[in-house]
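The sequence lines fix the lettering, A, B, ..., with proteins before strands; numbering per chain opens at 1.
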Amino acid sequence: MRLSRYFLPIIKETPSEAAIASHRLMLRAGMIRQAQAGIYSWLPMGFKVLRRLENIVHEEQIRAGHHPMLMPTLQSADLWRESGRYEAYGEEMLRITDRHGRDMLYGPTNEELITDIFKNAVGSYKDLPMTLYHIQWKFRDEVRPRFGVMRGREFFMKDGYNFDIDEDAARHAYNRHMVSYIRTYERMGLKAIPMRADSGPIGGDNTHEFLVLADTGESEVFYDSNILDLHLGDREVDYDNWDGVKAICDEWTTPYARTDETHDAAIWADVPADRQQVSRAIEVGQIFYFGTKYSDALGALVDDGKGARKAVHMGSHGIGVSRLIGAIIEAFHDDKGIIWPEAVTPFHAGIVNLKQGDTDTDATCDQLYQGLIKAGLDPLYDDRDERAGGKFATMDLIGLPWRITVGPRGLKNGVVELTSRKTGESEEMSPQAAIARITEIYAQV
RNA sequence: CGGGGCGUAGCGCAGCCUGGUAGCGCAUCUGUUUUGGGAACAGAGGGUCGUAGGUUCGAAUCCUAUCGCCCCGACCA
């Protein structure tokens, strides 16, 4: 993309309403604009990042054998009356009445709807196990939205639901989700720690939250520093292997890691003092096993093959996709701007032309731009007629991991400059070498 | 939902107390000179002063109502 033709409304000054780094930077970098309290428009670059995260989530869910689908944002109140949650959910649920006076609601989650779909189509144990998910906008009418997309009222979330014949199978589904989530966050460059959590209003007795360490996090967490050393990497995972999946979960759940809600001082005391870490963290996902709560209420029964009809065992599993962008920025930024991990960056590299209109720099930038595109990458070429300082400041702010600087000084020797946003280190090389290097870097992401 | 604050140009703000031509900085546009870390000069455009009603010869300013937004707290993916 040529910056001169893009829509990237950058703000030089700090917007007064933004209290934390991610909110401030998303506004300044032209990623979002607020529409109402807790409701945002996603401008082209923010939308790009959102799509990238969404794609990673899809890939990992599909890899785990889960089926993508899409349910509507608006749901019927009647279904929620059946489960008893229409009254129980309270003020956070946005209730709407249509022209015929029918009660509807903007879905805060989808247990009722998915269970209804499931029970009308599935009647036998032979169809199990099954896990369905979608990534859709949700609405929860928070009393006090804040922190930009971290605590919006409207938010983009992956929510998945497993249907299994009994508790053992459902526990495997739970474990499978834990592993797929670990992998998902790791791919995004994040260290998200699964922690024992409270079950909250959704119900159930087995749940973990995934938390990303960040000073601005809303939760206080206690963990054994050993857990930071765990990596899934490119380990082969057979998601149908119950024991193998459970072994990975055991690995991640053995070191102590809890939120303040479930913190247990007695167990904590057994963690060696030099490994005891207390920190703030942002919740970016949660998995639940809740048994037959909804299948009982909504009559989701299957034939068990022995002549009986049994309520299916279920769980629900969520990833806050829009919130993740905030969490990633909280984890990766400095005083100049965002520092995107390669896996989620909106553009793979930025090209800075220091002397727009100069025959040589223009030609070299075009060569780099075309070369990167041919290599299957997505560069952002700052071809505006701006001074060097402004272009550098823009690149630093929007935080692309790699910057190629093209100026007359270097071109005299046939070189351009490749700079890492993370380390700030630069290296001179030929344009061809720069393309090759960046291609190689992204081949490993 | 309790407490506090704010709505004036795209952004940040002054003006309001004490009613009388709507301002400043940044941004935008034009021109000239500049050009390796947010340039200088000259000029230009841009406003239902959140909305509605009231008081007044006259309202951004005073009064009433209303809507919106932010911050702290309690609550939440």
* To do: May I have the distance from A:Trp137 (atom CH2) to B:rA77 (atom C1'), rounded to whole angstrom?
  => 13 Å
* Using a 4.5 Å cut-off on heavy atoms from C-beta on, say whether the side chain of A:Tyr6 contacts that of A:Met45. => yes
* Would you call the rings of A:His263 and A:Tyr256 parallel, tilted or perpendicular if under 30° counts as parallel and over 60° as perpendicular? -> perpendicular
* Structure fact -> Taken in chain and number order and not counting sequence neighbours, the residues that satisfy side chain to side chain contact (heavy atoms under 4.5 Å, CB included) with A:Glu220 are A:Phe222, A:Asp260, A:Val278, A:Arg280
* Scan for ring-ring contact (aromatic ring centres under 6.0 Å, His included) pairs involving residues 403-431 of chain A, sequence neighbours excluded, and state none if there are none. => none
* Nearest-Å distance once atom P is located in both B:rC24 and B:rC41 -> 16 Å
* **A:His177 NE2 - B:rA77 P separation (whole Å)** => 18 Å
* **Rounded distance in Å between the C1' positions of B:rG43 and B:rC6** => 35 Å
* Pairwise C1' distance for B:rA27 and B:rG12, with rounding to whole Å -> 11 Å
* Asked: In residues 35-62 of chain A, which ones come under 4.0 Å of RNA chain B, going by heavy atoms?
  -> A:Gln36, A:Ala37
* By a strict heavy-atom criterion of less than 4.0 Å, which residues belonging to residues 142-154 of chain A are in contact with RNA chain B? -> A:Glu142, A:Val143, A:Arg144, A:Arg146, A:Met150, A:Arg151, A:Gly152
* What interatomic distance, in whole Å, is found between C1' of B:rU51 and the corresponding atom of B:rA60? -> 14 Å
* Structure fact -> Across all chains, not counting sequence neighbours, the ring-ring contact (aromatic ring centres under 6.0 Å, His included) partners of A:Phe47 are none
* Asked: Are OP1 or OP2 of B:rG68 and a side-chain N or O of A:Gln34 less than 4.0 angstrom apart?
  -> no
* To do: List for me each residue that meets side chain to side chain contact (heavy atoms under 4.5 Å, CB included) alongside A:His134, sequence neighbours excluded, and say none if there are none.
  => A:Met69, A:Leu70, A:Met71, A:Asn110, A:Gln136, A:Lys138, A:Asp159
* In whole angstrom, give the distance that lies between atom OH of A:Tyr89 and atom P of B:rC76. => 11 Å
* Provide, to the nearest angstrom, the distance between the CE atom belonging to A:Met93 and the C1' atom belonging to B:rC76. => 15 Å
Which donor-acceptor pairs under 3.5 Å do the side chains of residues 409-418 of chain A make with protein atoms, sequence neighbours left out?
none

* **Counterpart residues, ring-ring contact (aromatic ring centres under 6.0 Å, His included), relative to A:Tyr223 (two or more places apart)** => none
* **A:Glu218 CD to B:rC72 P, straight-line distance once rounded to whole Å** => 10 Å
* Taking for each residue the nucleotide of RNA chain B with the nearest heavy atom, is it A:Ala18 or A:Ser322 whose nucleotide lies nearer the 5' end? -> A:Ala18
* **Per-nucleotide protein contact string for nucleotides 35-48 of chain B (B base, S sugar-phosphate only, - none; heavy atom under 4.0 Å)** => SBBBB---------
* **Non-neighbouring partners of A:Phe155 that pass ring-ring contact (aromatic ring centres under 6.0 Å, His included), sequence neighbours left out** => none
* Quick one: list whatever passes side chain to side chain donor-acceptor pair (under 3.5 Å) with A:Asp334, sequence neighbours left out. => A:Arg421
* Structure fact -> A:His317 meets the ring-ring contact (aromatic ring centres under 6.0 Å, His included) criterion, sequence neighbours left out, with A:His177
